[in-house]
Amino acid sequence: MTSGIKDADDKTIRELGEKIVEAKYGNLFQMYEKIVDENPYKTPMKIYPAVHYTMGGLWVDYNLQTTIPGCYAAGEANFSDHGANRLGASALMQGLADGYFVLPYTIGDYLSDYIRTGVVSTDSPEFDDAEKMVRERIEKLMGGRGIHSVDYYHKKLGKIMWNKCGMSRNAKELKEAIKEIAELRADFWENVKVPGEANSKNQELEKAGRVADFLELGELFAKDALERNESCGGHFREEYQTEEGEALRDDENFKFVSAWEYTGEPSKSVLHKEDLVYENIELKTRSYK
Amino acid sequence: MKLFLKIWRQKDAGSKGAMVDYTLDGVESDMSFLEMLDILNEELISKGEEPVEFDHDCREGICGTCSLMINGRPHGPDSRITVCQLHMRSFNDGDEIVIEPWSATAFPVIKDLIVDRSAFDRIQQAGGYISVNTSGRPVDANAIPIEKEMADKSFNAATCIGCGACVAACKNASAMLFTSAKVSQFALLPQGQVEAAERVENMVRQMDLEGFGNCTNTGACEVECPKGISLENIARMNREYLTASVKG
């Protein structure tokens, strides 16, 4: 932006700095100001790390196809690219890479076998089963005893995850989290309150379906974290750290991706280990020093 | 603080709606406007009433989902922000706040404060894209250098989040600011030139088909746009449209 100013004084640096920061990050600074009610150009910003991404996702093969034939998962929804860590703006990377380089080849290849199939009839036992399952689930959500709102459960789950399954976790608290989430899930299905009707626009019902899923996924997170006896990437197990407090990996025993097979209950999920094979790079400990 | 809310309630597109009064106490100034509505809904649910339905998603001002008319202004009293970024410190204890959905023929109400904005999707589908060869040898993006000034203008047009505040603000319910932003983001770049003529023609045709009103250069859209999309884009779209029709 500038061709360089030699021996700039303090005032010039500040003036120039604000303009450059505004050009690059004006939208973020405005967002901050609206939330915190302080001018971030003049006042030091208050920041803290927060969980906003889970690294994992749906299992897919190299063609980005899930375990359901014909059902593809692209972008952040799948587990394929990030490993145990993920840097800022990588959401775009995964969306672009999957959409630009992978799917144009793989989906077309899959569809080529079905191009003459025509309309698939819903008159089949598989469709009937799926429809029945969805209807029963909706009826169950609508027919709870109506004691607590969906948000009540969502917040409780969030608090358990935040306190016991966050960036820094330990075996004792993970075990507690697994128990607490299982209890909360049972409570949810018994006592959730979903107002309104099932056959009209109903945001509480939509939310209830998602929170029901979170209540299973949350427990699986904790189970996965508990079984991985190492610190790796963004996942810090307090028991596994160097003397200096850095993450301590265990490549001998945990050099694999954990792919969990759904069987209904999170506690009964089946672990499939996918070995991580490095042919062209050497495994090293990353140091920021 | 204590607030007196007047909120539009409507069961569905076919039912008649009405303003309903609610009193909400214990609202804090550092809450966002949507958090305030969350609290109202918690109260309504606990009383066995149906919560007020409103659109929201990212709550970071980026997705363009939230859409409330607050005291007659799209996204409320503060400028350059969406409702989710509006905080209760912009209001005072004892205030009366009127909350309505976007009002436009092309945006029918789905329920309460939620309107159907799929008309915008159809305008996008009519031409809001460029064709890129993704198989074989894709062209490296860095192979086409673009001046910073043009890149910035295109980027600014592309910051349109498609919330529909421009339509809600316009006395004619015109979608010119939205459509022109979507036309401009490509018209300003070399990648957008191949389909330039058919893009502007198709998108304008779809915009008219959806039943949006005409532009009378009032400029209310630019004032209320949370992303500050400039009226310049409308002028550019008009030029693009004229060029396309002459070349016809």
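Letters A, B, ... mirror the listed sequences (proteins, then strands); counts begin at 1. Note that the structure is predicted; figures quoted are calculated from it, not measured. Basis for what follows: all heavy atoms, side chains included, without hydrogens, waters or symmetry-related copies.
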**Request:** Answer yes when Lys207(A) and Asp151(A) have at least one side-chain N-carboxylate O distance shorter than 4.0 Å, and no when they do not.
**Result:** yes
**Prompt:** Is the closest basic N to carboxylate O distance between Asp12(B) and Lys111(B) below 4.0 Å?
**Reply:** no
Region of [X] in contact with chain A, defined by heavy-atom distances below 4.5 Å:
X: Lys11(B); result: side chain
X: Ser46(B); result: backbone
X: Ile110(B); result: side chain
X: Ile62(B); result: side chain
X: Asp152(B); result: neither
X: Ile114(B); result: side chain

**Request:** Among Val98(B), Asn71(B), Val20(B), find the residue that satisfies the side-chain contact (heavy atoms from CB on, under 4.5 Å) test when tested with Lys6(B).
**Result:** Val98(B)
**Prompt:** Ring centroid separation for Phe33(B) and Phe91(B), is it under 6.0 angstrom?
**Reply:** yes
**Request:** Could you pull out the closest heavy-atom pair between Asp98(A) and Pro104(A), with the gap in Å?
**Result:** O-CD, 4.2 Å
**Asked** Got a sec, which residues hit salt bridge (Lys or Arg N to Asp or Glu O under 4.0 Å) with Asp37(A), two or more places apart in sequence or on another chain?
**Response** Arg89(B)
**Message:** Looking at chain B, which one of Gln203(A), Glu204(A), Lys193(A), Lys34(A) has the largest number of heavy-atom pairs inside 4.5 Å, strictly under?
**Reply:** Gln203(A)
**Message:** Counting only non-hydrogen atoms closer than 4.5 Å, does Asn202(A) touch chain B with its backbone (N, CA, C, O), its side chain (CB onward), both, or neither?
**Reply:** both
**Request:** Please flag which part of Val36(A) lies under 4.5 Å from any non-hydrogen atom of chain B: side chain, backbone, both or neither.
**Result:** backbone
**Message:** Run the side-chain contact (heavy atoms from CB on, under 4.5 Å) test against Ile39(B) and tell me which residues pass, sequence neighbours left out.
**Reply:** Leu24(B), Met31(B)
